Structures are given as C-alpha cells and as structure tokens.
Amino acid sequence: MNSTLDLEQPPQKLFEITLPQTVLIVDDNPTNLRVITDYLEDYGFTILVARSGESGLEKALHGHPDIILLDVMMPGIDGFETCQRLKANKTLQEIPVIFMTALSNVEDKIKGFKMGAVDYITKPFRREEVLARVITHLRMRNLTQTIQKQSESFQTMAYELLEANTVLSKLAIQLQASSEVGQQVISILNLNELLLEVVKLIQTRFGYYFVGVWLITKQENGSENQMISSEDKTDATLYYKGNMAILQAGAGYDEDQLPVSGLVQPLDDGARSIIAWVCQTGQPYLATNVALDYKYVALKELAQTKSELVLPLRVGQRIIGVLDIRSDSVATFTADDCKVLQALANQISVAIRNANLYDEINHLNENLEQKVAQRTAELNSAYQKLERLDKVKADFIKITSHELRTPLSIIKGYTQLLKELLAIKNEPSTTELLAGIISGVDRLYQIVNTMLDVVKIDTQLLEMHAKPTTISTVIGKVKRRIVEELKNRRLTIIIPELEGLPIVQADVDLMVKVFYNLIINAIKYTPDGGTITVNAQEIERPNGTAAIDPQRAIEVIISDTGIGIDPAHHQQIFEKFYQAGEVDLHSSGVTNFKGGGPGLGLAIVRGIVLAHGGEVWVESKGYDEETCPGSHFHVLLPLE
Ligand code: ADP
C-alpha cells in the first residue's frame with residue numbers, strides 16, 4: 001500500500017520519495033533498534049532488523065532494502081566487514097549504507113566512508129536527525145537512479161539518432177545520385193554515352209567496386225531479340241534462345257589494366273551466372289557473398305568481386321538487360337541500397353527506351369531527308385529539262401518564223417502577180433484555184449507574223465512607236481477589217497459613241513492588233529447570230545496607296561454572247577499556246593465558229609497591253625455552249 005509521509009509540508013515536495021521504502025537496521029543493541037524502528041515506522045517506512053552482521057547480510061539479500069543503517073561495533077563480523085561484504089555483492093552494492101557510530105570516533109567515520117558508506121549518524125541519536133538523513137539518502141539514491149535511467153535512455157536515443165542520421169545521409173546521397181542519373185537520362189539521348197555516364201555516376205557516388213550495364217543482344221544468326229517461353233518447363237521461366245548479354249558500359253575497374261569491353265555472358269537455357277539468371281527470370285538477385293553462391297561465375301577481369309547485386313532492366317514486358325553492381329567486400333548491400341538501386345535501374349530502362357526511340361526517329365528523319373533530297377534533285381532535273389524544252393520551243397519559233405517569212409513573202413508576191421495575169425483572169429477555174437492559194441498564203445503569213453510578234457514580246461524587242469491617238473481611231477480600223485467576217489457569221493457589233501474619250505499615248509498598229517485579236521476571238525467563240533459589244537469609259541485606276549492620286553485610265557470592254565470561259569482557265573488563256581477547249585476540235589478557218597488558231601492571240605494581246613503599262617483580264621460566268629453565258633475582255637490603258 002502506498003502512503004505518503006505525514007508531515008506538515010506535502011511529502012513529495014519535501015522528500016520526493018514514494019513510500020513504502022524499506023529500511024534495514026543492523027544493530028546488536030535492542031534499545032537502539034526499538035527507538036529508531038518505532039520512529040521510522042510512524043513515518044510509514046517498512047523496517048527490517050538484524051542483530052548481527054551476518055544476519056544483516058542475509059536480510060539484505062532477501063528483503064532488498066532501499067537503505068541500510070549499520071552499527072559499527074557488533075559481535076561477530078563488525079560493521080565495516082559487513083559493509084565490505086555488502087559492497088562486494090553485485091545485487092547489494094547499490095544500496096546506500098549509513099554507519100551508526102560513537103560521536104568521538106573520527107577514525108571510524110573515515111574508515112566507514114572508505115568502506116563505501118554514504119553517511120554516518122552519531123550515537124546517541126536524535127530521531128529527527130536519523131529521519132532526515134535517511135530521507136536525504138533515499139532521495140539521492142532515487143535521483144541517482146532516475147538520472148541513470150535517463151542517461152541510459154538518452155544514450156539509446158543518441159545512438160538511435162546517430163543511426164537515423166547515418167541512414168538519412170546515405171539516403172540523401174542516394175537520392176541525389178538518383179536525381180543526377182535522372183537528369184543525365186533526360187539530357188543525354190545517345191545510348192552509349194548515357195550508359196557510360198550513368199554507371200560512372202553510380203560507381204563514384206556509392207563507391208562500389210564495379211558498376212556495369214549488360215544488354216541482351218541476339219547473335220548474328222540468332223532469332224528475334226524476344227523472350228521465348230520455355231515449353232519443356234512447367235514454371236514461368238523465360239530464356240533467350242541463342243542470345244547473350246554484352247557488357248555495354250562499365251565503371252570502377254582499372255580500364256587500362258583490364259579492358260572489360262567485349263565481356264559476354266551466354267543466356268542460353270541452362271546458362272549459369274547471376275546475370276543469365278536475372279535476364280531469364282526478370283527477378284533481382286543479391287549475392288551477399290559470391291564465394292558461397294553457386295550461381296556466381298567468376299570473371300578474371302572483375303576478380304575483386306565479393307558481393308554482387310544484379311537488377312533487371314525492362315522496357316514494358318521485355319527484359320533488355322541488367323544493372324550489375326559489385327562490391328569488394330561481403331554483405332555490402334542493405335535492403336535500402338537494393339531499393340534505391342532498383343529505382344536507378346528503372347530510370348536507366350526508361351533512358352534506354354528513350355534513346356532507342358530517339359535513334360529510331362533519327363533514322364526516320366535521315367530517311368526522310370534523303371527522300372526529300374532525292375525528290376528535290378528529281379524536280380530540279382525535271383525543271384531543267386522543261387527549261388531546256390521551253391528554250392528549244394522558243395528557238396524553234398524564232399528560227400521557223402524568220403525562215404518562213406522570206407519565202408512566204410516571195411510566194412505572196414508571186415501569187416498577187418499571177419492574179420493580175422490576163423490568162424488567169426479569164427480562166428474562172430484557175431482564178432478560183434489561185435484565190436485558194438492566196439487565202440492559204442495569207443493565213444500562213446498571218447501566223448508567221450503572229451509568231452514573230454510573240455518572239456518580239458518574249459525577247460522584249462517589241463518596237464513601240466507611241467503617239468497620241470484615240471480608242472475611236474483604233475476600233476474604227478479594226479472594224480473595217482472584220483466587216484466580211486461579221487457578215488459571214490451574221491453577227492452584230494455594237495459600238496457606242498467613242499469620240500468624247502480622252503486621247504491616249506499608244507502605238508496605233510499594236511493597239512489595232514490587240515482589239516483585232518479580241519474581236520476576232522469574240523467572233524470565233526460566238527455562235528452565228530450573236531452580238532459583240534465594244535464599250536469604253538474613262539475610269540480612275542486605284543493605286544493601292546491613298547497617298548498617291550488614283551491614276552486615270554481608259555477601260556475598253558469587248559463583250560460577246562458566246563460560249564464563255566471556265567473561270568479555271570481565266571489566267572492560263574493569256575499564256576502562249578494555251579487553248580481552253582479541245583485542240584482537235586478546232587477547225588482551221590480564222591473566223592469559223594470555234595475555229596481555233598495556234599493559241600497565240602491572247603498572249604500577244606497581253607504582251608502589247610503590258611508594254612503600254614496597262615492590264616487585261618477576262619470575266620465570264622463559265623463555259624457553256626448551250627446557254628452561251630458570254631465573255632467580257634477588259635483592257636485598261638493608262639492615260640498619263
Ligand atoms: P486561239 O488561237 O486558240 O484563239 P487565243 O490565245 O486567242 O488562242 O485564245 C486562247 C483560248 O482562249 C482559246 O483557245 C479559247 O478557248 C479561249 N477564248 C479566247 N477568247 C474567247 C472568247 N471570246 N470566248 C470564249 N473563249 C475564248
């Protein structure tokens with residue numbers, strides 16, 4: 001039962017001890033014994049008494065007192081001897097001993113302390129003093145015990161902290177290395193360079209004897225680099241048929257002394273070695289002491305190996321190789337090491353996949369570039385061919401037109417002469433024949449002239465003799481030349497009053513060519529009975545920039561009620577030799593309906609108009625021989 005000291009002040013504050021505490025009193029004097037016993041019992045102590053040293057030792061052993069009051073002078077073994085024996089006993093030596101001695105005996109006191117006593121009480125006692133001393137020493141003992149316990153737990157804590165700190169700093173290093181590897185992995189895309197960097201990093205950071213990456217490679221004549229399920233095995237063991245693991249990158253060994261590049265481990269079914277096992281099973285393997293490991297196959301290049309950790313590298317489901325870490329002492333790898341290194345192995349796997357992808361993309365890009373280059377070269381040569389052809393064509397026109405013109409002129413002259421001959425004049429059948437020849441020659445002559453015009457435009461040799469003239473003059477000249485054609489085709493031409501229009505600076509002959517060609521086309525592509533309209537007006541030609549005054553110009557529009565032109569051809573018809581319709585269908589007559597020419601008319605029109613600083617374009621809803629939507633050719637000639 002717990003009770004506290006019955007004193008005025010709260011006992012825990014005064015004494016800081018908890019009762020019951022056991023006091024062993026060893027004294028041969030019964031009077032003394034009773035006095036102290038009664039007194040201390042009143043304060044709630046449990047009292048054990050002994051009348052001799054021997055009996056005191058006995059009671060101490062069995063009763064485990066908290067404190068011992070020991071008389072010096074006793075029959076049998078005296079107090080000193082008893083004290084000595086108490087201190088010699090392991091289970092008792094911690095119990096504080098207070099000697100009870102005569103007032104005068106200083107030597108006894110000193111001897112008592114020497115024997116291991118903590119205090120003394122002089123006889124005859126004063127009970128209060130006894131109580132005070134007992135309490136003081138019990139308190140001290142309690143404190144000592146508490147401090148001892150605390151210091152013990154402090155020590156454990158300090159030790160644990162130290163442990164934790166070591167683990168943490170190791171982890172920090174590992175994490176840092178891991179992040180560095182990660183960074184390398186992201187930044188380096190060349191596989192070999194990357195693997196070398198990574199193994200070096202792991203080796204230096206963690207201080208291992210050797211770090212290497214082995215990659216599975218198929219043999220020259222081997223099958224696909226693929227995992228094959230072993231059919232004659234019941235477990236899920238996988239192996240690589242005819243494959244090997246090749247050391248792709250290694251760090252830590254003395255490269256000059258022992259070149260390990262080219263190290264190979266066979267992976268065939270039944271191949272022995274930790275690397276083969278990891279490649280086959282996809283499981284990590286730790287050999288804490290390779291000397292005792294039956295899977296371990298020693299390599300003379302890595303003879304210092306004492307323990308080894310081999311981790312699989314996988315991309316998706318496929319094992320592509322292993323990360324091989326070796327130490328030159330046994331039992332190096334802790335569970336934490338394995339975890340961190342496996343994380344690194346995973347990062348390496350990702351890197352290998354990225355590098356492979358990168359290689360693939362590079363390869364594709366190279367292919368693509370090659371193809372583009374090839375196509376460009378082809379196009380270039382085709383273009384050059386076209387250019388050559390174009391030049392040949394231009395040369396051909398130039399030469400033929402020049403060469404044809406002279407004999408044609410002569411033929412033309414002679415036929416005119418023949419026409420005048422009386423003999424022929426009087427012979428109707430011959431006259432008719434001659435008329436045919438003359439018209440044919442005229443047409444040829446016209447074509448040759450047109451070709452010459454094109455050549456002049458192309459070579460920018462078109463001679464222009466611009467002088468003030470009017471549209472009315474030009475159109476008037478054209479109109480006189482087409483009277484026959486209009487009549488033959490029963491076409492109506494409407495030309496409004498053009499006299500009021502301003503004067504233009506232009507080469508009249510060339511302008512006549514422009515409008516002659518346009519009106520002849522209108523005749524050609526309008527069915528019999530149709531209408532051709534010539535309109536002209538002064539307009540302001542927008543300049544694009546507001547700062548400059550708009551240019552004044554004359555716009556002439558030749559409209560017809562003909563077959564029209566597909567908008568898709570509106571640009572091309574102005575190219576030389578371009579004909580919108582089917583060439584074969586063209587009849588040969590100059591003004592027959594749809595009677596085609598060489599496709600040069602509009603090219604000449606454009607060349608002349610551009611040479612005058614003007615513009616020409618066509619507007620037409622489309623091509624339709626049934627509904628005849630008609631065409632409108634616009635010619636813009638600047639006035640200044
Ligand atoms: P062509 O000698 O064939 O007439 P052009 O250069 O004068 O050559 O005209 C090119 C092509 O433009 C013609 O083949 C024809 O298809 C089309 N074309 C020109 N003028 C007209 C028009 N007024 N109506 C319909 N088509 C036209």
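For this chain, numbers begin at 1 and follow the sequence in order. Owing to the predicted nature of the structure, the values given are computational and were not obtained by experimental measurement. Order of listing sets the numbers, starting from 1, for every ligand and every atom in it.
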Need the ligand 1 atom indices (1-based, order shown) with element for anything under 4.0 Å from a heavy-atom of [X].
X: I573; result: 6 (O), 10 (C), 11 (C), 12 (O)
X: G564; result: 25 (C)
X: K524; result: 1 (P), 2 (O), 4 (O)
X: L602; result: 5 (P), 6 (O), 7 (O), 9 (O), 10 (C), 12 (O), 19 (C)

* Is the closest heavy-atom distance from G599 to ligand 1 below 4.0 Å? ->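 Heavy atoms of G599 do come under 4.0 Å of ligand 1.
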* More than 12 foreign heavy atoms under 6.0 Å from CD of E387: is that the case here? ->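 It does: E387 CD has more than 12 such atoms within range.
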* Quick one: side chain to side chain donor-acceptor pair (under 3.5 Å) pairs with a partner in residues 605-617, sequence neighbours left out? ->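 Output for this query lists R541-E615, W617-E619.
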* **Selected option - heavy-atom contact closest to atom 23 (N) of ligand 1, from I558, D560, I519** =>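 Result: the heavy atom closest to atom 23 (N) of ligand 1 is in D560.
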* A603 N/O under 3.5 Å from ligand 1 N/O ->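 No; every N/O pair is 3.5 Å or more apart.
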* Quick one: does F633 get an N or O within less than 3.5 Å of an N or O on ligand 1? ->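 Such a contact does not occur with ligand 1.
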* From I275 CD1 over to L267 CG, what is the distance, rounded to the nearest 0.5 angstrom? ->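 Rounded to the nearest 0.5 Å, the CD1-CG separation comes out at 9.0 Å.
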* Asked: How far apart are the closest heavy atoms of S620 and H570, and which atoms are they?
  ->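 Closest heavy-atom pair between S620 and H570: O-CE1, 3.3 Å.
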Under 3.5 Å, sequence neighbours excluded: what are the donor-acceptor pairs made by side chains of residues 557-564?
{"unit_1": "S559", "atom_1": "OG", "unit_2": "H632", "atom_2": "ND1", "d": "2.8"}
{"unit_1": "D560", "atom_1": "OD1", "unit_2": "G562", "atom_2": "N", "d": "3.0"}
{"unit_1": "D560", "atom_1": "OD1", "unit_2": "S631", "atom_2": "N", "d": "2.9"}
{"unit_1": "T561", "atom_1": "OG1", "unit_2": "T531", "atom_2": "N", "d": "3.0"}

* Asked: Where does N517 meet ligand 1, judged by heavy-atom distances below 4.0 Å: at the side chain, the backbone, both, or neither?
  ->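 It is neither part, as no heavy atom is under 4.0 Å.
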* State whether a side-chain donor-acceptor pair under 3.5 Å links T450 with D453. =>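 No - no donor-acceptor pair under 3.5 Å links their side chains.
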* Tell me, please, whether Y516 has R481 positioned over its six-membered ring: NZ or CZ under 6.0 Å from the ring centre and within 45 degrees of its axis? =>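 Yes, a cation-pi geometry holds between R481 and Y516.
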